[in-house]
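Notes follow the structure.
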Amino acid sequence: MIDVRRIRTDYDAVRAALARRGDGTEELDRVHELDQRARQVSSQRDELRARVNALSKAIAQLRRDGDASAAEAKQAESRQLGDTEKALAAEADELSGTVRDLLLRIPNLPADDAPDGAGPDDNPVVEVVGPGDDPAAWGEHQRVPHWDIGSQLGILDLERAVKLSGAMFTMFRGQGATLARALCQAALDRNSDAFEEVRPPTVVLTETMVSTGHLPKFIDDAYHLERDDLWAIPTAEVPLTSLARDEILAESDLPMRLMAYTPCFRREAGSAGRDTRGLLRVHEFDKVEILAYTTPEQAPAVHRDILARAEALIADLGLTYRVLDLCTGDLGNSAARTFDIEVYAPGVGQWLEVSSVSWFSDYQARRANIRYRPAEGKGTEIVHTLNGSALAVPRVWAALVETLRQPDGSVRIPEVLLPYMRGAVEIR
RNA sequence: GGAGGGAUGGCAGAGCGGACGAUUGCGACGGUCUUGAAAACCGUUGAGGGGCAACCCUCCGGGGGUUCGAAUCCCCCUCCCUCCGCCA
């Protein structure tokens, strides 16, 4: 969440920044107003408490001195203050609770250098690597959708996945399953130079979902296990961001870099009926996420590094891709700046988002209460968080089998995956 | 699932209704001494919020309650430990 103090002291700038997103300004106005009242009430409450505290001290002294009647008089006085104090405290609690609820729903301020725009169509394309989406650039044998390739080669079994779990669930088989796992293995191995591998729980508490910004606003997108009040994670970003929740890190530990391979669960409630065929949009998929906690100063370099790493793997797989600089109107709720990597899947003729590399400034860390102690100076500062998918299986798998399909119908295994394919160099 | 014991500052660990935001030890930081370091000695050292400031408020796992006053008493919850049961 954004800092209330900035709303107090720099209201116009905060409002202008939010307006660039086209979202959140009504809540902001209400927060601005309610926060002022909340502070008023709580300082009245504090004054009363101070009087009660002072009286209690005086009573203690009087009792020690043996002056019981004077003590009783002060007790009566204090008792009278009690009711007013209770009422004020209740009001203050309610106000500050409302302020927090609103604050949790206000999105992050976009970075100054995030491009302006209203929606996905306004995202500037930063670079295109490979032949692009010109159909002439692709061979006949590559313009076959992955679901056809998958059933021809026996490596994808969508019908039975539906039998087991319903629409938009997937099942890889044989070398298709091996390929899916090889992608994750490769993603983990090539980032292990700088990122600690973590295997977090994939089912988490409500608070863990709130920290990253996935709740309360996006409740319909998440799977909830009602009986135990637990949530299936939509991305490893969720547990990894909460790993340091309520902790104070040493500046010398930053940047702290983590990666995790986990399943991800998404209800896709808002996109029912879209991309239902094949692997384009599924309820459960595997992903390797890489994430960092940094100081504000370290954040830009780490952001570039995560993007470079995600890009390099896609490039090494031999896929065509482009990088988008998300405009203010398309930025995710918690992000200040995001670069999306989209691969081109020639069989379905679509650009597929495979990685979102985001800088969240202190938005998530403030929710999660993750701080660090600066080496110089005293007190604590809020860390910055950043993350991106190093690799998300289904869409990369789809683009890969379409791109690397040979005229004879087999699929060539790219060199970076060879160590993980049990000796296979192609799938046929 | 059942029975008992616990949760206090970076860590360890006292306190069990009033001078306790908290004794003490360790650690960390600063100083004295030293060519330098170690040792010794002296001092400093939790977080959050409000206020221009003086200063005030909150926090002893979380939430409620009793009281003029709660780390301390009562209730509920969570987590940890021990034993029993069950079980990949």
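Lettering of chains follows the sequences in order, A, B, ..., and the numbering in each one begins at 1.
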[N] to [M] separation - [atom1] atoms, rounded to the nearest Å:
N	M	atom1	value
B/C20	B/U72	C1'	11 Å
B/G51	B/G36	C1'	49 Å
B/U8	B/G13	C1'	9 Å
B/A7	B/C16	P	14 Å
B/U23	B/G9	C1'	13 Å
B/A70	B/A19	C1'	16 Å
B/C83	B/A71	P	35 Å
B/C81	B/G31	C1'	44 Å

Partner lookup for [N], please. Criteria are Watson-Crick or G-U wobble with both distances under 3.5 angstrom; report none if nothing qualifies.
N	answer
B/G69	none
B/U45	B/G27
B/A22	none
B/C52	none
B/A40	B/U32
B/U82	B/A3

Interatomic distance, [X] [atom1] vs [N] [atom2] [rounded to whole Å]:
X	N	atom1	atom2	answer
A/Leu62	B/A19	CG	C1'	14 Å
A/Glu207	B/C79	CD	P	13 Å
A/Lys57	B/G69	NZ	C1'	11 Å
A/Gln61	B/C68	CD	C1'	15 Å

- Query: Excluding sequence neighbours, so at least two apart, what forms ring pair (Phe, Tyr, Trp, His ring centres under 6.0 Å) with A/Phe172?
  - Reply: A/Trp397

- Message: According to salt bridge (charged side-chain N to carboxylate O under 4.0 Å, His left out), who are the partners of A/Asp228, at least two apart in sequence or on a separate chain?
- Response: none

- Message: Working to the nearest 0.5 angstrom, can you tell me the gap between A/Arg105 CZ and A/Phe218 CZ?
- Response: 9.5 Å

- With B for base contact, S for sugar-phosphate-only contact and - for none (protein heavy atoms under 4.0 Å), nucleotides 46-66 of chain B reads -SSSSS----SSS--------

Kindly say whether [Y] contributes a backbone atom to a donor-acceptor pair with the side chain of [X] at under 3.5 angstrom?
X	Y	answer
A/Thr208	A/Ser242	no
A/Arg266	A/Pro234	yes
A/Asp362	A/Ala365	no
A/Asp65	A/Asp67	no
A/Glu402	A/Val348	yes
A/Arg395	A/Leu280	yes

- Taking the six-membered ring for Trp, are A/His384 and A/Tyr363 ring centroids under 6.0 Å apart? no

- Item | side-chain hydrogen bond (donor to acceptor under 3.5 Å, both in side chains) contacts touching residues 86-103 of chain A (sequence neighbours left out) | none

- Which ones in residues 66-79 of chain A lie close to RNA chain B, meaning a heavy atom under 4.0 Å from one of its atoms? A/Gln75, A/Ser78, A/Arg79

- Message: So A/Leu55, base contact, sugar-phosphate only, or nothing? Heavy-atom distance under 4.0 Å.
- Response: nothing

Listing time: all N or O pairs from protein to nucleotides 70-78 of chain B that are below 3.5 Å?
none

- Message: Assess whether a salt bridge exists between A/Glu196 and A/Arg257, defined as any Lys/Arg side-chain N lying under 4.0 Å from an Asp/Glu carboxylate O.
- Response: no

- Do the charged groups of A/Arg309 and A/Asp193 touch, with an N to O distance under 4.0 Å? yes

